[in-house]
Amino acid sequence: MSDQLETLLSEKRRFPTTVEFAARSAATAALYTAGNDWQRFWEDQAKTLEWISPWTQVLDWKPPHAKWFVGGTLNASVNCLDRHLRGPRRNKAALVWEGEPGDRRVLTYWDLARKVGRCANALKRLGVRRGDRVAIYLPMIPEAAIAMLACARMGAVHSVVFGGFSADSLRDRINDAGAVALITADGGYRRGQVQPLKRMADAALADTPSIKHCLVVRRVGDEAGAQMAPGRDHWWHELLERETPACPAEAMDAEDLLFILYTSGTTGKPKGIVHTTGGYLTHVTSTSRHVFDLEDEDVFWCTADVGWVTGHSYVVYGPLANGATVFMYEGAPDWPERDRFWQLIETYGVTIFYTAPTAIRAFMKWGTELPERRDLSTLRLLGTVGEPINPEAWIWYHTHIGKGRCPIVDTWWQTETGGIMITPLPAVVVTKPGSATIPYPGITPELVDGKGEKLAAGGGFLTIAQPWPGMLRTIYGDDDRYREIYWSRFPGRYFTGDGAKLDEDGYWWILGRVDDVLNVAGHRIGTMEVESALVDHPAVAEAAVVGRAHDLKGQALAAFVTLKEGRQASPSLKDELKAHVTVKIGAIARPDDIFFSADLPKTRSGKIMRRLLKDIAEGRALGDTTTLADPAVVNRLKDMYESQEA
Ligand code: WT7
């Protein structure tokens, strides 16, 4: 057991909710009672949405396939926009945005609805039809939310690709989904640099036969050096200007696809997670309201990029369906100064702040003077997501950002779950630093041992026993993989891929992935993906990638590489390999360390023993080596590792 894990599990501190919070929150203990009748609970939650026609059946469950709100029709954009236009929210700020250079925009619900309508009309004019897939590759600018909602309005399925992914990654995702259009920007800003998104998109579009049109937002201007291909490429502003803002919303079946979002798994190829309309919207609307205690006066800031599921569920769909004011920021937390986030909270009066442990650990390192010199008194609730939070970071967040007054919601969920699954309700649950606490009402996590036997407490695997509305429906184009990855390890149960501990109070402590998926700075990265990128380089014969513990990022990527005959290991080759991975996948997958080695430790059947490589990378005594084909390899490797510089 690592030191960090030991500290986590010996945590004894308790934080009851504040009196102010308990007195005013709409989410009370009654929700848990309601959640015991889980289908009925979700049906009640679905009733808070606006439906075009009602469902005839709450759930049709033919494991592992669920249909929620069977026969019901609705439109997600109507729920996020139109229904707020009929009352006092019409002139309320929906999106408050600041760009990295300091430019600002505020879009009211009225403004946002008009822009979404124009964009939906423009897509239709380009020939995009209901059910078609549209790829979105944008910086964190309001157009990202507008484009997503426009797809939802006219029935297209969006597939957002994080702007930090490479051209190759974008191409693969476009081709897997067979997207007919791409929405991108000339560029975006990150740490004072222009990210040339359109140039990356052009490289991808050289090899994406399904794409007919590309819509380009002018974010940067001439400096981005965007080239427009006549016939294929169109400026967003020119096209939208010509359209009317009114676009009738398509009546979507509850089970029609709302979006596909690619995520890393245990194979080399990312999988397209499929989410549908009615269940997903029900789940994210309900959790946004209750976990974040969203009220009309709030300014809600979830720092995630819309390229990740957190951005889909808690920047766009969940908060907007609740008629909230969402704050959105384009750039990095340390640009131009390391107090940028605190400055933004002060300037915009942010009341609810939701971020990742990796960011909190960076803030800790940067020191308390930075948050102290800003007024953070508007904050009333803090959230965390993406990886286990170490109690030290939790306490720092509570003390220096929440000033001891703001409850913290540690929310466990996944791209696949669509919305939050394990979390405190802030007015009700006593929190323990490092624990995501208890299941959200209507959610049934269960701990099992390696044989799939249910455990009442202790350590084991985290599974979900009953279907829930926001669950993924399948993997796009590969239902066999869906069955195999999530439902075969423990038949009848959804397997999350996480290990967890359940304590005597019924609190969950998530221990992290038990498969070959790493969590680097809150981003999910498959070891196989990075390995495939490395062996794609002409000098590399074989590669094995493991995660090693890292103070800030949670995990860092360590790659063990053997070279082809005649290729020489050198510091410049290390740099070249790191750059190669950046080109193949994106900077988030760039290995932190690369170690050259003559051999890799393998079992007699030829399987690379990553567990031993992890021991080496973390400087631990080697675990059991008896199953190795050649036990000497690993000792040689350990000696070499200790004498080599990353
Ligand atoms: C994996 C899912 C959906 C949130 C963003 C990441 C880890 C997520 C927590 C948490 C401990 C967490 C798990 C999970 N994770 N939230 N609060 N405590 N671990 O989504 O990229 O699909 O990754 O992130 O390991 O399986 P994702």
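As the structure lists them, so they are numbered: ligands from 1, and atoms in each ligand from 1.
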Are Asp410 and Trp394 close enough that a side-chain donor and a side-chain acceptor fall under 3.5 Å? no

I'd like to know if the side chain of Tyr314 pairs up with that of Thr287 as donor and acceptor (distance under 3.5 Å, no hydrogens or angles considered). yes

Mind checking whether Thr411 contacts ligand 1 via backbone (N, CA, C, O), side chain (CB onward), both or neither, at a 4.0 Å heavy-atom cut-off? backbone

Have a look at ligand 1 and work out which part of Ala436, if any, has a heavy atom under 4.0 Å from it: side chain, backbone, both or neither. neither

Taking atom types as modelled, find out whether Ser313 and Tyr280 have a side-chain donor-acceptor pair closer than 3.5 angstrom. yes

Backbone of Glu255 reached by a side-chain donor or acceptor of Thr276 within 3.5 Å: no

If you draw a 6.0 Å radius around NZ in Lys67, do more than 12 non-hydrogen atoms from other residues or ligands fall strictly inside? no

Taking N or O atoms only and a 3.5 Å limit, does Val309 qualify as a polar contact for ligand 1? no

Side chain or backbone of Asp498 under 4.0 Å from ligand 1, or both, or neither, by non-hydrogen atoms? side chain

Please list the nearest protein heavy atom to atom 6 (C) of ligand 1 with its residue and the distance rounded to 0.1 Å. Gly386 CA, 4.2 Å

How does Ile389 reach ligand 1, by side chain, by backbone, by both or by neither, if only non-hydrogen atoms under 4.0 Å count? neither

Which of the numbered atoms in ligand 1 are below 4.0 angstrom from a heavy atom of Asn519? 7 (C), 24 (O)

What residue and heavy atom of the protein are closest to atom 23 (O) of ligand 1, and at what distance? Arg524 CD, 3.5 Å

CD of Glu392: more than 12 outside heavy atoms within 6.0 angstrom? no

Any idea which protein heavy atom is nearest atom 4 (C) of ligand 1, and the distance to it? Val385 CG2, 3.3 Å

Side chain of Arg493, backbone of Ala465: donor and acceptor closer than 3.5 Å? no

Please work out whether any backbone atom (N, CA, C, O) or any side-chain heavy atom from C-beta onward of Gln414 is under 4.0 Å from ligand 1, and answer side chain, backbone, both or neither. both

Return the closest protein heavy atom for atom 5 (C) of ligand 1 as residue, atom name and distance. Thr310 OG1, 3.4 Å

Has Asp551 got more than 12 heavy atoms of other residues, nucleotides or ligands less than 6.0 Å from its CG? no

With a 4.0 Å cut-off on heavy atoms, is Gly497 in contact with ligand 1? no

